[in-house]
Amino acid sequence: MNRFFFTQQGTLRFRARIALAFTFIGILVSIVASISLYNSARIQIIKQIQQRAITIASLTAIQQNGDLHSTLTEQDSSTYNSVRNRNTIIMNTDKEITSIYTMRRDETGNIYFVVDVVNDSLSVLRGPAKLGEFYIDASEVLQNNFGTINSTIVESQPYTDSWGTTLSAYAPFYRSNGEIEGIVGVDISANVIETAQQEIIATSFYLILGLIPLTGIAGWILGTVTATPIEKIAESAQKIINGDFSQTVQVHSRDDIGLLATTFNKMTDQLRGLISNLESRVSERTVELTAQTQELQTLAKQEERRASQFQTIAQVSSIINTVQSTEELLPRITNIISDQFGYYHTGIFLISADGRYAVLSATNSPGGKKMLARNHRLKVGAAGIVGFVTGTGVPRIALDVGDDAVFFDNPDLPDTRSEAAVPLRAGKQIIGALDVQSETSAAFSPADVELLSILADQVTIAIENSRLFEQTRKSLADAQNVYRQYLKTQWTEFLKDEKKTGYRYALTKTYAIDQAVDSPQTQQAKVSGKTQFIKDEKFPQIIIPIKLRDEVVGVLNITSQTNREWTEDELDIAQAVAERVAIASENARLLSETQRKAAKEETIGQITSKISSSVNMHNILQTTVEEIGRAIPGSEIVIQLRGQDN
């Protein structure tokens, strides 16, 4: 067993080391993942509970009657029972609410309870607080903010005691004169945090238990696969050292180990045939192998660089297809080019509207961002490589900026040793330049310029597409606004002529209503364009806006005669009906408008026909006033021609 895991010298075998390394990494990853999951889950759950607590406390405060609450002096009064029953109804809407209580503060600064309601579980443990009972264990948040609170606040962390884990929120409520009457507190159960903690701990434990054998087995298999051929080569080499040159190693793969085995066999053959000049042949072989290795390394670096270049082109093409905003597109392109090619500065210049300057529009380097902040620009056709490129449309390379007469020495980029720029060309028009700078001399080759030209074409396409997209989006938005305004105007004029504002169906009877049903929820539905729900124990309601092209032209109000929850199917049916009512109403309005225009045209045609049939001026004028009087009944019509004195 010891030789299975240890070498003859007493050290761990290679395969055992790999297995232990895999096991350790698996356990470490599991622990880190578990801690991260635990922290993120706890924070997320607390945020969700805080948001629920704020919402419930705010709604509960709105439901409080400050004037009625200010009269509470006795616990068993009808007023006290009324406030308690209302808060009990609110608490029953959410099973996670453990208690709802209202509080005041006396002249000495002590906080005391007024009305306290608790759920069934808490009622068995401690029961509700009495009217006037001091809140002796109030939190620092409540004590510090009680006198100055003007909006809903929530505890930053849950509180755990013998009755469970809860999180509290507090909101002020007011009398009708605007003075604050008291603070309403809402406690929400946070036991879900402990449940989540236990689940995460259990999951992490089982994950670690499962990963230990899996990573150990995987490491052992990988170590065995890797170490076995190496051990065979080592055994053969040891036998050759002892003088047995008949040893050969079986080659079963074409990877680096297989190449090593093949080379080992060739070396053994050479040793058997040329034992007399061993040192010279080994030296020659070593030189050859070194040259081959260097050549392979050079080719590998070239291929790696070429692959990186093609990857950059692919990434830029992907960005063009996914990003439509120029402000977001150009910085991402500069970052990709610098990251993939190792350039410490990449900048994109765009020609100004007057065509006189090349303005820096995006960059990745700290110095370039300083230039961008001060609106750096270069005159087209003037100093600098960018000015030269934007003026001539010809790419330019400065392999050594110290020897290049065109190079512009920029104090924000003092480390520049070589620079290359290519034009951004849209058809025959030059719209800018792509500028890259390196900290090493002679960093650019003709192949790099060719690739940068391809990237420049991609950038040009992206810029043109982005500009076209912005123009199209603006035109579409303008058209939609004009249409919505037209629709709103037409419906306003249409409803002025309508005597009935709507219809009501009550069980078995349908009748018209002359005045619109108005409520805060109805107004909210009209303004927001979203369905509103009114929760009521006797008559729950849903209010669905009737919209045309996102313009609300009416509402559909549905009231149930019994306490119930609306099903998804009922909501889908009601919303579908509201959509069809909107379409049908718009068709009816258009039909009515068309009929009105047709009647007007018909009346004009009849009047024109009768006027045309008259043969003298007297008959023409008389026919005109008579026909206009018939078309506009109840009006006095006067027509007179301009006299010479006028």
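For this chain, numbers begin at 1 and follow the sequence in order.
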ask   = Is the shortest heavy-atom distance from the side chain of Arg52 to the side chain of Asp94 under 4.5 Å?
value = yes
Rounded distance (nearest 0.5 Å) linking atom OG1 of Thr166 with atom CD1 of Ile97 = 12.5 Å
key: Shortest non-hydrogen contact from Ala362 toward Leu372   = N-CD1, 4.1 Å
message = If I compare all heavy atoms of His345 with all of Ser365, which pair ends up nearest, and what's the gap?
response = ND1-OG, 2.7 Å
task = Assess whether side-chain hydrogen bond (donor to acceptor under 3.5 Å, both in side chains) is satisfied between Arg84 and Asn81, documenting all intermediate values.
result = CA-CA 5 Å; Arg84 182 184 62 187; Asn81 292 332; 3.0 Å; yes
inquiry  = I need the minimum non-hydrogen distance between Ile46 and Pro158, along with the two atoms involved.
reply    = CD1-CD, 3.9 Å
ask   = What closest approach, in Å, do Gly347 and Leu360 show between heavy atoms, and which atom pair accounts for it?
value = CA-CD1, 4.1 Å
request  = Would you give the length of the straight line joining atom CD of Gln50 to atom CD1 of Ile45, rounded to the nearest 0.5 angstrom?
outcome  = 12.0 Å
task = Say whether Asn87 and Gln63, considering side chains only, have a donor N or O and an acceptor N or O under 3.5 Å apart.
result = no
query = Is the closest side-chain donor-acceptor distance between Thr346 and Ser338 under 3.5 Å?
reply = yes
query = Rounded to the nearest 0.5 Å, how far does OG of Ser40 lie from CD1 of Ile35?
reply = 11.5 Å
note = Output for pair (Ile54 CD1, Ile49 CD1), nearest 0.5 Å, gives 12.5 Å
key: Approximate separation, where rounding is to 0.5 Å, of Gln48 CD and Ile43 CD1   = 12.5 Å
key: Ion pair check, Asp412 and Arg374, cut-off under 4.0 Å   = yes
ask   = How about His69 and Arg104: do any of their side-chain heavy atoms sit closer than 4.5 Å?
value = yes
message = Would you say that more than 12 heavy atoms from the other residues, nucleotides or ligands in this model lie under 6.0 Å from the CG of Asp106, or not?
response = yes
inquiry  = Using 0.5 Å steps for rounding, measure from the CD atom of Glu140 to the OG atom of Ser156.
reply    = 10.0 Å
inquiry  = What I'd like to find out is whether the side chain of Glu74 reaches to under 4.5 Å of the side chain of Leu131, using heavy atoms alone.
reply    = no
query = Is Ser139 close to Glu155 at the side-chain level, that is, under 4.5 Å between some pair of heavy atoms?
reply = yes
request  = Would you check if Ile111 and Phe134 make a side-chain contact, meaning some heavy-atom pair closer than 4.5 Å?
outcome  = no
request  = Show your working on side-chain hydrogen bond (donor to acceptor under 3.5 Å, both in side chains) between Glu181 and Asn65 and close with a plain yes or no.
outcome  = CA-CA 9 Å; Glu181 166 57 21; Asn65 188 329; over 6 Å; no
task = Go through the steps for Ile90 and Leu59 under the test side-chain contact (heavy atoms from CB on, under 4.5 Å), then give the verdict.
result = CA-CA 9 Å; Ile90 296 174; Leu59 295 176; over 6 Å; no
ask   = Quick one: does Thr102's side chain get under 4.5 Å of Ile183's, heavy atoms only?
value = no
message = What verdict does the side-chain contact (heavy atoms from CB on, under 4.5 Å) test give for Val154 and Gln51, after you've listed the backbone C-alpha separation in whole Å, the side-chain angles of each residue and the deciding distance to 0.1 Å?
response = CA-CA 9 Å; Val154 66; Gln51 188 59 45; over 6 Å; no
key: Side-chain heavy atoms of Ile100 within contact of Thr60, under 4.5 Å   = yes
Closest approach of Ser361 to Leu330 (non-hydrogen atoms, all atoms of both residues) = CB-CD1, 4.2 Å
ask   = Between Met103 and Phe146, is a side-chain contact (heavy atoms from CB on, under 4.5 Å) present by the stated rule, with each step listed?
value = CA-CA 10 Å; Met103 301 167 287; Phe146 196 98; 4.1 Å; yes
request  = Would you please say whether a donor-acceptor pair under 3.5 Å links the side chains of Thr152 and Ser58?
outcome  = yes
request  = Could you give me the CA-CA distance, side-chain angles and deciding distance for Ser121 and Asn119, then say whether side-chain hydrogen bond (donor to acceptor under 3.5 Å, both in side chains) is met?
outcome  = CA-CA 6 Å; Ser121 300; Asn119 61 9; 4.9 Å; no
ask   = For Tyr101 and Asp187, what are the C-alpha separation, side-chain angles and deciding distance, and is it a side-chain hydrogen bond (donor to acceptor under 3.5 Å, both in side chains)?
value = CA-CA 9 Å; Tyr101 44 92; Asp187 294 344; 2.9 Å; yes
Ring-ring centroid check Tyr112 Tyr135, cutoff 6.0 Å = no
ask   = Which atom names give the shortest non-hydrogen contact between Tyr170 and Ala57, and what distance separates them?
value = N-CB, 4.4 Å
ask   = Are any of the side-chain heavy atoms of Val117 and Pro128 separated by less than 4.5 Å?
value = no
